[in-house]
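The structure under discussion appears below in the form of structure tokens.
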2 protein chains.
Amino acid sequence: MTDKQRHSWVSIRDSIREMILNSTYGPGDKLPRDEEFAASFGCARSTVHRAMRDLAQSGLVERRRKGGTMVRRDPVTRATLNIPITRLEVEQKGSTYGYQLIRQSVQPSSPAIMANFALPEARPMLRVEALHLADSRPYIFEDRWICLETVPEITSVDLTRESANEWLVRNRPYSRCDLRLYARPGTPIDSEVLQSTPGDALFVMERTTWIGEAPITSLCAVAHPGYQLFTQG
Amino acid sequence: MTDKQRHSWVSIRDSIREMILNSTYGPGDKLPRDEEFAASFGCARSTVHRAMRDLAQSGLVERRRKGGTMVRRDPVTRATLNIPITRLEVEQKGSTYGYQLIRQSVQPSSPAIMANFALPEARPMLRVEALHLADSRPYIFEDRWICLETVPEITSVDLTRESANEWLVRNRPYSRCDLRLYARPGTPIDSEVLQSTPGDALFVMERTTWIGEAPITSLCAVAHPGYQLFTQG
DNA sequence: GACAATAATATGTAGCTACATATTAATGTA
DNA sequence: TACATTAATATGTAGCTACATATTATTGTC
């Protein structure tokens, strides 16, 4: 009974997950308290806690203080996307990276950008349009807005040499990042910049970041036709 | 000096992150050992460990036993996608969900599917083509292959009533999930099923799952024009 | 009965110890 | 020198205690 072998939190997690999946506990059910699980498994509460944290993070259960742990009624697939700096993404594929600043200007934030940041009123921003190249061919076109109040130093960065993407990633952490992915047909402007056919299906990534409540940057990145985004475990 | 206030792992994490970002420690640098950080912060090693785990998971640092902790040379943006069951996604938007089985047949896995699973040879699979509807309008069309060796029970499920999506999520856990996202122009077949214009830009999600080494399902989900995928914190 | 104050409860966190594990560095031997 | 053995080291995990925090249930008062 009280075998003194040590149980890893991974095995405890898998046991609990197994129980949920073979319907010992169904969707919406309340699971036993951590302590009870610990007693039944013959391990410490901290080990069960570690396992439960993992299950909660992966979306299988939901935990609330005092409320206990419940099996989520609506299981979700959680996938982690790794979005590297574009230069590294290109180089990792064995291609030569190129970068081209197209336009740069100070503007009040557009309504769309204000919406992304949920700002009630316009703020002065630096708008940077730039093209990333792989082997001299257009790879990703980005239209980026940088909040000058949050990142005043950006004005003294030479964006013809270093991409705003890279500078921000290396110099500005963010505490929140919203991502939106969709497809849209290429406009004539797209096709000019990306050297693609108008009407082609283009993959678009919109990314908005904050540090605390302060907006940092919001960008719309349009990839060349054929671009794919992967998950990686 | 030795103030006995307790430090939360979150504040420790933020302090370390701050140091990395203001270049106290630069990309590629080796960070002090956990114990040293603990001593300098005046907290326990376990607290530093907790903080470090979080930084490692978010992609800012990399840890190796004995090797120590290093600031990643190539910071990545890690975003977690929540992919709910399609029915719930539709209902959450306040729309009425509909489901329609289009075709279903047992086939040996196609080369493309074998590639997704990295299978050396074909296996018998159930291919299910189905349409998810929102307010009676096409929402997502999915072309799914289910491995019959791993999921033999699927043959006894009435897929005209319950979607394979839902049944699998509720009954088959997976240990690995590969995701691929891209845009492609709609074919005449797409436009027929999705009632869209041929050549329209369509958002495609390919998802392949395994339990252990055993393949479960691989599917290609094509969304209606205008579909967007979000992250959620 | 309505509502505020209080107690009970389950998870969350911090700190400690001890040991496991992976990897590098040092050492010994042919 | 080459190679296997051993030691050293930093992170990873398990177990314990104590306390914090959020939320629910209970109780008391009007």
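Labels below follow one simple rule: chain letters A, B, ... track the order of the sequence lines, proteins then strands, and each chain is numbered from 1.
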Under-4.0 Å side-chain N/O to phosphate OP1/OP2 contact, A:H7 with D:dA14 = no
Looking only at side-chain N and O atoms, does A:T47 come under 4.0 Å of OP1 or OP2 in D:dG15?
-> yes
Interatomic distance, [X] [atom1] vs [N] [atom2] [rounded to whole Å]:
X	N	atom1	atom2	result
B:D54	C:dT13	CG	C1'	14 Å
B:M70	C:dT23	CE	C1'	14 Å
A:Q57	C:dG12	CD	C1'	15 Å
B:H49	C:dT13	NE2	P	14 Å
B:R53	D:dT13	CZ	P	7 Å
A:E35	D:dG15	CD	C1'	14 Å
A:M52	C:dG12	CE	C1'	14 Å
A:F37	C:dT11	CZ	C1'	14 Å

Sorted by chain and number, sequence neighbours left out, salt bridge (Lys or Arg N to Asp or Glu O under 4.0 Å) with A:E62 holds for none
Residues at least two apart in sequence or cross-chain that pass salt bridge (Lys or Arg N to Asp or Glu O under 4.0 Å) with A:E142, listed by chain then number, are A:R144
If a protein heavy atom is under 4.0 Å from the base, mark B; if only from the sugar-phosphate, S; if neither, -; do that for nucleotides 3-10 of chain D going 5' to 3'.
-> ------BB
Among all residues two or more places apart in sequence or in another chain, which pass the side chain to side chain donor-acceptor pair (under 3.5 Å) test with A:R33?
->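 So A:R33 forms a side chain to side chain donor-acceptor pair (under 3.5 Å) with A:E36.
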For the side chain of B:A44, counting heavy atoms from C-beta on, which of C:dT13, D:dT13, C:dC16 is nearest?
->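 For the B:A44 side chain, the nearest candidate turns out to be C:dC16.
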Near A:Q92 CD, under 6.0 Å, is it more than 12 heavy atoms from other residues, nucleotides or ligands?
->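 Open.
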Those residues that, when tested against B:R50, pass side chain to side chain contact (heavy atoms under 4.5 Å, CB included) (two or more places apart) |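 Residues passing side chain to side chain contact (heavy atoms under 4.5 Å, CB included) with B:R50: A:R53, B:W9, B:R53.
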What side-chain donor-acceptor pairs closer than 3.5 Å can you find for residues 110-117 of chain B, not counting sequence neighbours?
| unit_1 | atom_1 | unit_2 | atom_2 | d |
| --- | --- | --- | --- | --- |
| B:S110 | OG | B:I113 | N | 3.3 |
| B:N116 | ND2 | B:S218 | OG | 3.0 |

With a 3.5 Å cut-off and just heavy-atom distances, do the side chain of B:R50 and the base of C:dG15 make a donor-acceptor pair?
-> no
Parallel, tilted or perpendicular: which fits the ring planes of A:H224 and A:Y227, with parallel below 30° and perpendicular above 60°?
->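 If you compare the ring of A:H224 with that of A:Y227, the planes turn out perpendicular.
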